[in-house]
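Every chain is numbered from 1 and lettered A, B, ... according to where its sequence line falls, protein lines coming before strand lines.
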Number of protein chains: 2
Amino acid sequence: MKAEVNWNGGMSFTGSGACATHSVVMDAPPAVGGSDNGIRPKELLLHSLAGCTAMDVISILHKMKLEPNRFRVEATATESEEHPKVFTSFHLRYLISGGIPEEKLNRAIELSQTRYCGVSAMFRNFAPVTHEVCYE
Amino acid sequence: MKAEVNWNGGMSFTGSGACATHSVVMDAPPAVGGSDNGIRPKELLLHSLAGCTAMDVISILHKMKLEPNRFRVEATATESEEHPKVFTSFHLRYLISGGIPEEKLNRAIELSQTRYCGVSAMFRNFAPVTHEVCYE
């Protein structure tokens, strides 16, 4: 897999991948010389983590012939204070509505977290990844 | 740090963070039930890695009173074949034009890779992160 980030001036970069129609703009906050015109690079790690496991769960529920009304995943991380600033723990909240049986949802999340989600598997090498389920 | 991904239907999710004006759409390829209408979650890891170190380098060069004409960073990764599919190595290419002295650029990259880039530091816990410099 390959991606490229191109400098736009200031602290802003546009990232594009194999499919150049899907790009992402990154920027830093004004406190470190940026203009706040894009996502922080490190925040993308949280989108990646939440998106990876969320896709797994939707895909597994689909195979179980189940579809939620609404589904979202929150990812939070704690960060170290010393350079290099790294994430020291991750927590995922799976928020769902629409009558999905609890044991089916738990099974889908378990399969994602133990078998399918490569991002969770990578991140577990340096920090714990915990989770909880919330029915909305 | 916190982020949330919201299901759009199919395999598509929109990620938003603390600053909700900056969002990113993720989707899967048709082969796994997606519609290819967004970035793959795992590709975001490469944007994050390249963007994090690229911002460091621009910031350090700025402190050295140096500014390139053009600057981009390519990130490539190799991926395992078994589930969970994880990245097993990363390679960064710093591509620059504009008369930046080689020793200054190398010093900026070294500072990023050894001291400032938290994404590189995290990823090194599970895979090697190598790099090269290309003058364009």
Side-chain angles (χ1 to χ4, degrees), chain A residues 1-7 11 13 15 17-19 22 24-26 28 32-34 36 38-52 54-55 58-59 62 68 70-77 79-80 83-87 115-123 125-127, chain B residues 1-7 11 13 15 17-19 22 24-26 28 32-34 36 38-52 54-55 58-59 62 68 70-77 79-80 83-87 115-123 125-127:
Chain A
M1 195 177 280
K2 188 173 178 176
E4 182 180 298
V5 301
N6 264 276
W7 186 44
M11 294 283 275
F13 287 84
C19 186
H22 307 310
V24 57
V25 176
M26 289 170 272
V32 294
D36 202 14
I39 301 179
R40 310 288 172 263
K42 240 178 245 170
E43 189 181 309
L44 288 181
L45 298 185
L46 297 185
H47 293 305
S48 177
L49 174 64
C52 183
M55 283 187 192
I58 278 293
S59 174
H62 184 75
R70 191 171 173 225
F71 178 50
R72 56 200 173 98
V73 179
E74 273 179 19
T76 52
E79 196 172 4
S80 67
H83 289 295
K85 290 185 183 173
V86 297
F87 289 143
R115 178 151 188 206
Y116 291 112
C117 179
V119 180
S120 298
M122 285 183 258
F123 287 8
N125 285 293
F126 59 86
Chain B
M1 195 177 278
K2 188 172 176 177
E4 181 180 299
V5 301
N6 263 277
W7 187 43
M11 293 284 274
F13 287 83
C19 186
H22 307 312
V24 58
V25 177
M26 290 170 270
V32 294
D36 202 14
I39 300 179
R40 310 288 171 266
K42 240 179 245 169
E43 190 182 306
L44 288 181
L45 298 184
L46 298 185
H47 293 304
S48 177
L49 174 64
C52 184
M55 284 187 190
I58 278 294
S59 174
H62 184 74
R70 192 173 172 221
F71 177 50
R72 56 199 172 101
V73 178
E74 273 179 19
T76 53
E79 196 173 3
S80 67
H83 289 294
K85 291 184 183 174
V86 297
F87 289 143
R115 178 151 187 205
Y116 292 111
C117 180
V119 180
S120 298
M122 285 184 257
F123 288 8
N125 284 294
F126 59 86

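With a threshold of 4.5 angstrom between heavy atoms, B:F13 approaches chain A through side-chain atoms but not through N, CA, C or O.
Of the candidates A:I39, A:L44, A:V24, A:L44 is the only one forming a side chain to side chain contact (heavy atoms under 4.5 Å, CB included) with B:S48.
Nearest heavy-atom pair across A:V5 and B:H47 is CG1-O, 3.9 Å. Shortest non-hydrogen contact noted between A:M26 and B:G51 is SD-CA, 3.9 Å.
Chain A forms the most heavy-atom pairs under 4.5 Å with one residue out of B:M55, B:M11, B:K85, and that residue is B:M55. Across A:N125, A:V32, A:I58, A:T76, the residue that shares the most heavy-atom pairs under 4.5 angstrom with chain B is A:I58. Comparing B:G15, B:G118, B:A3 by how many heavy-atom pairs each has under 4.5 Å with chain A, the most go to B:A3.
Shown here are the side chain to side chain contact (heavy atoms under 4.5 Å, CB included) partners of A:A127, two or more places apart in sequence or in another chain: A:F90. Residues passing the side chain to side chain contact (heavy atoms under 4.5 Å, CB included) test with B:C52 are A:P41, B:C117, B:V119, sequence neighbours excluded.
A donor-acceptor contact shorter than 3.5 Å is absent between the side chain of A:H22 and the backbone of B:V25.
Ring geometry for A:H83 versus B:Y116: interplanar angle over 60°, hence perpendicular rather than tilted (30 to 60°).
Remark: A:L45 CG to B:M1 CE distance equals 8.5 Å, nearest 0.5 Å. Rounding to the nearest 0.5 Å places NZ of B:K2 at 11.0 Å from CG of A:L46. Expressed to the nearest 0.5 Å, how far CG of A:L49 lies from NZ of B:K42 amounts to 12.0 Å.
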